[in-house]
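Comments concern the structure below.
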2 protein chains.
Amino acid sequence: MTTIRDVAKLAGVSPATVSRVLNNKGYVSEEKLKIIDKVIKEMNFQPNQVARGLTKKSSKTLALLVTDITNPFFSELAKGAEKITQQLGYSLLLGNTGGNNPEKNADYMNFLKNKYIDGFIIATHDIDVEVLKKNYKSPMVILEADKDIENLCTIKVDNYHGAIEATKHLLSIGCQKIAHIYGPQYDATAKDRLRGFKTSMKHQEGSSGIEYPGDFSIMSGIESIQELLKKHSDIDGIFAGNDLIAIGVVKELNRLKIKIPEQIAVCGFDGITLTQITSPEITTIEQPIYKMGELAAERLIYRINHSFNETESIELKAKLVIRESTVKSAIDSKQ
Amino acid sequence: MTTIRDVAKLAGVSPATVSRVLNNKGYVSEEKLKIIDKVIKEMNFQPNQVARGLTKKSSKTLALLVTDITNPFFSELAKGAEKITQQLGYSLLLGNTGGNNPEKNADYMNFLKNKYIDGFIIATHDIDVEVLKKNYKSPMVILEADKDIENLCTIKVDNYHGAIEATKHLLSIGCQKIAHIYGPQYDATAKDRLRGFKTSMKHQEGSSGIEYPGDFSIMSGIESIQELLKKHSDIDGIFAGNDLIAIGVVKELNRLKIKIPEQIAVCGFDGITLTQITSPEITTIEQPIYKMGELAAERLIYRINHSFNETESIELKAKLVIRESTVKSAIDSKQ
DNA sequence: GCACATTGTGAAACCGGTTTTAGAAATTTT
DNA sequence: AAAATTTCTAAAACCGGTTTCACAATGTGC
């Protein structure tokens, strides 16, 4: 592997001058610049990132921490983040925290610490952000955080208004008894969605709302709908806390031969691709997940390069996407 | 951040001795060992991986290259690889090659080269393995390669026998006209599955096989089945080249109100989780994807640590998992 | 008791970059 | 024309580890 000293020798200059050219920094005469540029190309020299990292205390690497990469929400996010990361000359470490104990996660973070990881995208709830913040002064972007975090960038979707839109939609197609299967309440996302549902159902003459606890998985959707139907046989609309729950609900309703949406209409939340492969396809509140990934990486790299550490919180809009599971005659009229 | 020299000073020894302790290598007296160990703990010293990497020419990092991380096959793989990687003290870079031109991928690989990435798990077909091999002498594990590769480790699933099992299963439940929607033939996986299908259908009195080209996506499943039904209205079994195709097929058959499996039975290949969320659930040939990820990481790290570069090829068995899409009375009898 | 191997240790060089320092040359100010 | 400033460059120190080298102390063989 050719080093900066090889280049220097061949160009008849000192390594320091080559370094100045490489970093576009400090005085270099036109003449030498030309020679050095030429030699660099000739030798196809590329500076060793590790050596560079040692002095610069940087590795040109970001880390993305997700709960479970097989969850389509996270893999979509990862795809967006990876694209921008690579585009801007960084690489992306993947950390799957799911199921690990927080202690182990701390170990992992520590491990990364002395690798000079430049920044973190935190998209997991297995880690306490406050603890994190105390221990790591690295730039971070936190996704779906509970609230704004001082000196960090948070990116979230407006879950509250998204939930309102979902509920209003179900009401608008005539649902009178709507159940919301909500996610775990330590999760800010789940909390906001439940709040939106409550708000929408208030003062809603002729309609009533049921709240039922779930846990953001397909299985939870299946089990919840079974229980719900036992207690409330007259339910005619389900607002699922996320798409996975919605998928479970649709699956179980199909099995029970309950017609969607004629007997029960279903709306999810997230906008993962899976909602388009079920029969019927599921109406959902689509989050710009891919865009969130892109944005997270872009903001993180910006903060790294500009030593920017103001509190910054970005809220993206979610969008109602109407599909077969809430359109009465959809299946027949489609195509 | 505390350095090895800080430790040395406090322990009253030279940095070299501390290094010897750290690496468990060379002579160190019991006495000093004890002191140094104590000081390391006291100061909570952790060697800087970047500095270490510079001399060792290693970054304790692997790179995983996938075509598309949102494809559940790859995310499952990534999860397995990430677990072992972390467990063995490495970290995992994620590279999404999908859609990029090969030229850009080469750039990316080059970029990684001077980061001292210790090894690569190649699970993408966007890169020509021969070119790769010529340019990078790093340890690599190649997934689903065409054939054995000299001096590298290849891991694949026995697609040929898996396909035979799938076809035999469809025949055993009485299918008489089976169509195989196969994937792109530059893909070794797709080729082997098609070959298995052909073998099984040969000398099969009373049954006939149709081969139809597809491309491993849900959309392809939808379009293929439409075309197939136009030409062959008497098809009663579909062996899809992979699960995504199968999902498309099921989706379209549902839309056309064709009963699965009564009128047409469907079998996929891969064993991704999605096959369990459709209605009906889809029979498939389950590959041990997660295990492949684990194995890939484990073998790669072994090869790195033991300078092991013999040709090594591992073939895993795929397993038929029978679900509703091929069991005539499944839906009613279930549960 | 002497040659030789083994154990133990610190100083110094090294990995491959960047940054500081110091001094020379060219320019601008006064 | 002298002083001050700016441009340009190389030598040396540095980042934080590892490794080589030289040398001392101890143990072993004959």
Side-chain angles (χ1 to χ4, degrees), chain A residues 1-37 39-40 43-61 89 110-118 304-305, chain B residues 1-37 39-40 43-61 89 110-118 304-305:
Chain A
M1 182 162 270
T2 86
T3 74
I4 201 173
R5 282 162 232 264
D6 298 333
V7 173
K9 197 173 288 178
L10 199 66
V13 299
S14 76
T17 308
V18 179
S19 177
R20 266 177 244 119
V21 171
L22 251 32
N23 293 284
N24 213 347
K25 184 180 176 184
Y27 297 113
V28 177
S29 66
E30 267 308 308
E31 181 199 8
K32 305 227 159 170
L33 179 88
K34 238 188 259 172
I35 298 177
I36 293 173
D37 265 344
V39 173
I40 286 178
M43 304 185 80
N44 189 27
F45 167 74
Q46 288 187 286
N48 180 317
Q49 291 293 337
V50 178
R52 182 176 263 183
L54 185 56
T55 39
K56 292 259 186 92
K57 295 193 191 313
S58 142
S59 62
K60 285 274 187 182
T61 304
N110 251 307
F111 178 57
L112 296 182
K113 201 179 190 172
N114 47 39
K115 276 194 168 182
Y116 288 153
I117 300 302
D118 298 311
I304 291 166
N305 290 331
Chain B
M1 183 164 272
T2 86
T3 75
I4 201 174
R5 282 162 231 265
D6 299 333
V7 174
K9 198 173 287 177
L10 199 66
V13 299
S14 77
T17 308
V18 178
S19 177
R20 267 178 236 121
V21 171
L22 251 31
N23 293 284
N24 211 348
K25 186 180 176 185
Y27 298 113
V28 177
S29 66
E30 268 306 312
E31 181 200 7
K32 304 224 160 168
L33 180 87
K34 236 186 260 173
I35 299 177
I36 293 173
D37 266 344
V39 172
I40 286 178
M43 304 185 80
N44 189 27
F45 167 73
Q46 287 186 286
N48 181 318
Q49 292 293 337
V50 178
R52 181 176 263 185
L54 186 56
T55 41
K56 293 258 185 94
K57 296 195 190 314
S58 144
S59 61
K60 285 276 188 179
T61 303
N110 251 307
F111 178 58
L112 296 183
K113 202 179 190 172
N114 47 39
K115 274 193 168 183
Y116 289 153
I117 300 302
D118 298 310
I304 290 166
N305 290 332

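Numbered from 1 within each chain, the chains take letters A, B, ... in sequence-line order. This structure is a prediction, so every number in the text was calculated from the model and none was measured.
Separating the CG atom in B:Leu22 from the CG atom in B:Asp37 is a distance of 9.0 Å, to the nearest 0.5 Å. Note that CD1 of A:Ile117 and CG of A:Leu112 are 5.0 Å apart. Values are rounded to the nearest 0.5 Å. A distance of 13.0 Å separates NZ in A:Lys34 from CD1 in A:Ile36, rounded to the nearest 0.5 Å.
By the side chain to side chain contact (heavy atoms under 4.5 Å, CB included) test, B:Lys113 is found to be paired with B:Asn110, B:Tyr136, residues two or more places apart in sequence or in another chain being considered. When the side chain to side chain contact (heavy atoms under 4.5 Å, CB included) test is applied to A:Asn23, the partners found at least two apart in sequence or on another chain are A:Ser19, A:Lys25, A:Arg52, A:Lys56. For B:Thr55, there are no side chain to side chain contact (heavy atoms under 4.5 Å, CB included) partners, not counting sequence neighbours. In this structure, the side-chain hydrogen bond (donor to acceptor under 3.5 Å, both in side chains) partners of B:Ser14, at least two apart in sequence or on a different chain, are B:Thr17.
Using a 4.5 Å cut-off on side-chain heavy atoms (C-beta onward), A:Leu54 and A:Val50 make no contact. Residues A:Tyr116 and B:Asn48 form a side-chain contact, since some pair of their non-hydrogen atoms from C-beta on lies under 4.5 Å apart.
Using a 4.0 Å cut-off, no side-chain N or O of B:Thr17 falls inside it from OP1 or OP2 of C:dG8. Taking only side-chain nitrogens and oxygens, A:Lys32 never comes nearer than 4.0 Å to OP1 or OP2 of D:dT7. When the side-chain nitrogen and oxygen atoms of B:Tyr27 are compared with OP1 and OP2 of C:dT7, one or more of them lie within a distance under 4.0 Å.
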Which atom pairs, one a donor and one an acceptor, fall under 3.5 Å between side chains of residues 1-11 of chain A and the rest of the protein, sequence neighbours left out?
| residue | atom | partner | partner atom | Å |
| --- | --- | --- | --- | --- |
| A:Thr3 | OG1 | A:Arg5 | N | 3.1 |
| A:Thr3 | OG1 | A:Asp6 | N | 3.3 |
| A:Asp6 | OD2 | A:Thr3 | N | 2.9 |

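Five base pairs at each end of the helix from C:dG1-D:dC30 to C:dT30-D:dA1 define two local axes, and these are offset by 40° (rounded to 10°).
Heavy-atom distances under 4.0 Å link DNA chain D to A:Gly12, A:Val13, A:Ser14 of residues 6-14 of chain A, given in residue order.
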Can you give one letter per nucleotide of nucleotides 16-29 of chain D, 5' to 3': B if a protein heavy atom sits under 4.0 Å from the base, S if only from the sugar-phosphate, - if neither?
BBBB----------
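Remark: side-chain polar atoms of A:Lys115 are not paired, donor with acceptor, to backbone N or O of A:Thr61 under 3.5 angstrom.
Across all non-hydrogen atoms, the minimal contact from A:Asp118 to A:Lys57 is OD1-O, 4.2 Å. For the residue pair A:Phe111 and B:Gln49, the shortest heavy atom distance occurs at CE1-NE2, 4.4 Å.
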Find every protein N or O atom lying less than 3.5 Å from an N or O atom of nucleotides 23-28 of chain C, and list the pairs.
none

